[in-house]
Structure formats: C-alpha cells, structure tokens
Amino acid sequence: MNPVSLFDLEKMAKQVMPHNSWEFVDAASGDEITKRRNRTAFEDITINPNFLIDVGHRDLSVEVLGEKIAFPIMVAPAGGQRAVHPDGEQATAKAAGSVGTLYTLPTSSGYSIEEVAEVATGPLWFQIYHFNDLVTELLVTRAKAAGYKAICLTIDTPIGSPKERDVRNDMVRRPSHFWGSLRDRPDLAALREVGIPDMADWSPPGYAGLTWDRLGWLKDLTGLPLIIKGVRTVGDAIQAAEYGADAVVVSNHGGRQLDGTRSSIETLPEIASAVGDRLEVFLDSGIRRGLDVLKAIALGARAVLMGRPLFWGLAVNGEAGVRTALDILRVEFDRAMAYCGRTRIADIDRSLVTLPSEL
Ligand SMILES: Cc1cc2nc3c(=O)[nH]c(=O)nc-3n(C[C@H](O)[C@H](O)[C@H](O)COP(=O)(O)O)c2cc1C
C-alpha cells in the first residue's frame, strides 16, 4: 500500500515496528493530554479561503535564518533514529536534503555529527541538550567545524523523566543508537551517568550551569545563530530575545516532556505577536497535515518541523520513507495554498484562519 496521508504511514509503521520501538516513538508524558491537544487544537482552527485568484504558479520557498528551503517544513531533532532503522539519522538527513529542506541533528544521534554531515545534501542545524560545559563546548564546536548552520538549544527538558509506556515495557536503549557523537570519547562515557535526556536510566542534570544569563556564552562558542527550542510562554520567548537568541521553536516536544501545557498552536499567536520581528518563530508538535502548516504560518510561524512522522517513514522504508513523509506534507501544503488563493508564503496572513475563541 502507498500511504496517502501521514496517518496511513503511521498505521504502516505500527505494523512493522517492534512493539517497544513503536511505543518509544508514540509515547508522550503523563496522561498524554498535551499530545492529544496538539491535534485537537489544530482541528478546531477553521480556514477562510479566497477564490478567483490566479494560483497557477506557487512558490513555497522560504528563508530560515538565512538558508533558503524549498518549502516551510523542516525535520525536527529526535534522538534514537537508529533504533528504528539502521540508516537512522544519515537516512533522514539525506531525505531532507533530497527534497530541499533542512534537518536538525539531535544530540542523541546514533551517527556522529561528522558522519551525518558527510552524507547530507541540504542544510543542517545541530540540537544540543546541555549536560555540562565540557560536553556542550565539544559538541557545538564540532558541529560548527562540520558545517552545521545553527545551534538549537532544547530548553524544555530540565530534568529527565522516562515515559510511563517505556517504563512498563522495560524499554532498553542501546548506547549505539543514541550516542554516535560520543562513540570515540570513552573518557566522556561517565558523563552519561550525569543524566542524558531521553535515556531510560535517568539522573537529572537539572540544567545546572545553563541559565538565561549564559546564553551569550553558548552563542559565543560558535558564533552561529542560536535557536531556543521548547518555548511555551510569552515570557520565555521574550527572555530568548533579550539574551540574544536568533529564533525560537514554539514546541512542547510533541507532548513528551511536561504534560498539561497548551498545544503549540494555541500559544503561537501570543508568542509571535510578543516577539514581532526580533526573532524568527518556528513551531512543532502535532503537524500532520498540509493545512496544519498553513494554519501555523497564518498565526505567525515562519516554518514548522515534523517529529514523529520521520520515524514512521524511517521504519517503513528508510530514507525513501522519510522522503515520502515530507512529500505528503509538501503536496498537501501546496494544495492548501492553491485552495486558499495564496501563491507565496508571505501571502499567508492572519485573515486566513479563525480561532475557536473567535467564532
Ligand atoms: C522519539 C522522539 C525523540 C525525540 N528526541 C528529541 C531530542 O533528542 N531532542 C529534541 O529537542 N527533541 C526531541 N524530540 C521532540 C521533537 O524534536 C519534536 O519537538 C516533536 O516530535 C514534535 O512533535 P510531533 O512528534 O507531534 O511532530 C523527540 C521526539 C520523538 C518522537
């Protein structure tokens, strides 16, 4: 069967993935309320299309931190891709590049920073979880040397916590699936014990030593643009701008960390209007349809990232499967533009959507 939608791909992935891998990817934290809300909130936003506009030629391209991408959908950083397919992050990076978009390599990648850069054909960002200054400095400077274009600091995982489904399943994470970038540094292996997010054996780092006032330190390590991922509130978005970040990802980690927050799309409008032009604003969590992308852009995002669907694609067909996931979203988004009378990303404006509170 060829997947017609991402939901088809999800079903196919569930059929082929070992139970524990499926649960690792699908799970969210607590009662998974935020994860569900990530979908229902998108569904509750309605669209106001305009017709009798020449939409014969559509340009979906957009610039993100100075990099031109072919359409405003990027691939989120997500650890453990080798647990789902042996080609893991290398396959995902190649798939993203092949369709003209950008990939963010996670700290906990099975392939190293350099191994992914060697095969990538499109722009890369590097995501960092901060454990201590030594590891952060080592990894971000290697990312810069390997040609990554920006550093993406994930802030919404101050301590580790396993998902309940993983605990029930006795989910075991193989270091080779998560720690490619530290493979050659057995001397640093002990650092794993200080606690690495998304590992099963947690002992929290608590983000000791990395607070807002040290963002300048992080930025100066590479001089690359700095993206703050995991922003849930206007307050934190403003802090990001004040302390010199270049962009934020409005994200709740796909509901995988703190449960009980609003969905990203619900918080996006207030965050986007609070930061204005000071930061580029991206969004993830719950993107499954081209229409979701349109809604996010109408409410202030410059581009979006997809998380779980990359694992579905990988599990079903490796690199080609991730490309399929991106193609499905791109085609749906292109169609949504045409149906709404929009031919350029800049034309996707606030009048295009109505929030439930405005009905
Ligand atoms: C299996 C899995 C692992 C993830 N690992 C990371 C990670 O290492 N770093 C990070 O910043 N986000 C991580 N995320 C979160 C994603 O970057 C993204 O925020 C989320 O998946 C978006 O929601 P979606 O899955 O509904 O698209 C992970 C997500 C999944 C599903």
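Counting starts at 1 for both ligands and their atoms, following the listed order. Note that the numbering runs from 1 along the sequence shown for the chain.
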**Student:** Report the residues that fulfil salt bridge (Lys or Arg N to Asp or Glu O under 4.0 Å) with D347, sequence neighbours left out, ordered by chain and then residue number.
**Tutor:** R344
**Student:** Identify, by atom number and element, the atoms of ligand 1 in contact range of S108, meaning under 4.0 Å from any of its heavy atoms.
**Tutor:** 8 (O)
**Student:** Is the contact between K35 and ligand 1 made by the side chain, the backbone, both, or neither, using heavy atoms and a 4.0 Å cut-off?
**Tutor:** neither
**Student:** What atoms of ligand 1 come closer than 4.0 angstrom to any heavy atom of T154?
**Tutor:** 10 (C), 11 (O)
**Student:** Check the orientation of Y148 and F126. Use parallel for under 30°, tilted for 30 to 60°, and perpendicular for over 60°.
**Tutor:** perpendicular
**Student:** Can you tell me which portion of Q127 lies within the under-4.0 Å heavy-atom range of ligand 1? Options are side chain, backbone, both, or neither.
**Tutor:** side chain
**Student:** A cation-pi test, strictly: NZ or CZ of R168 under 6.0 Å from the centre of the six-membered ring of F24 and no more than 45 degrees from its axis. Yes or no?
**Tutor:** no
**Student:** For atom 9 (N) of ligand 1, state which one of F311, Y129, F178, W312 supplies the nearest heavy atom.
**Tutor:** Y129
**Student:** Going by distance alone, is a donor N or O of one side chain under 3.5 Å from an acceptor N or O of the other, for T34 and N252?
**Tutor:** no
**Student:** Near F24, which atoms of ligand 1 are under 4.0 Å from a heavy atom of that residue?
**Tutor:** 1 (C)
**Student:** For D284, counting its heavy atoms only, list the atoms of ligand 1 lying under 4.0 Å from any of them.
**Tutor:** 18 (C), 19 (O), 22 (C)
**Student:** Can you sort out which atoms of ligand 1 are near S251, meaning under 4.0 Å from one of its heavy atoms?
**Tutor:** 19 (O)
**Student:** If we set the cut-off at 4.0 Å for heavy atoms, which region of R288 has an atom near ligand 1: side chain, backbone, both, or neither?
**Tutor:** side chain
**Student:** Short N/O distance, under 3.5 Å, between A76 and ligand 1?
**Tutor:** no
**Student:** Below 4.0 Å, non-hydrogen atoms only: which portion of P77 touches ligand 1? Side chain, backbone, both or neither.
**Tutor:** both
**Student:** Are any of the N/O atoms on G307, whether in the backbone or the side chain, positioned under 3.5 angstrom from an N/O atom of ligand 1?
**Tutor:** yes
**Student:** Do K295 and E266 meet the salt-bridge criterion of a basic N to acidic O distance under 4.0 Å?
**Tutor:** no
**Student:** Any side-chain heavy-atom pair from L305 and L102 closer than 4.5 angstrom?
**Tutor:** no
**Student:** Going by distance only, is there an N or O of K229 that falls short of 3.5 Å from an N or O of ligand 1?
**Tutor:** yes
**Student:** Quickly, which of V231, T154, I227 forms a side-chain contact (heavy atoms from CB on, under 4.5 Å) with V249? Name it, please.
**Tutor:** I227
**Student:** Do K68 and E63 sit within salt-bridge range, that is, some charged N less than 4.0 Å from a carboxylate O?
**Tutor:** no
**Student:** Of the listed options (S21, A78, S285, G255), which comes nearest to atom 4 (C) of ligand 1 when hydrogens are ignored and any heavy atom counts?
**Tutor:** A78
**Student:** Quick one: does G80 get a heavy atom under 4.0 Å from ligand 1?
**Tutor:** no
**Student:** Which residues, ordered by chain and number, are linked to I53 in its hydrophobic cluster, where ILVMFWY side chains connect at heavy-atom gaps below 4.5 Å, directly or through other members?
**Tutor:** V55
**Student:** With a distance cut-off below 6.0 Å to the six-membered ring centre and an angular limit of 45° from the axis, does R82 pair with Y111 as a cation-pi contact?
**Tutor:** yes
**Student:** Going by heavy atoms, is N38 under 4.0 Å from ligand 1?
**Tutor:** no
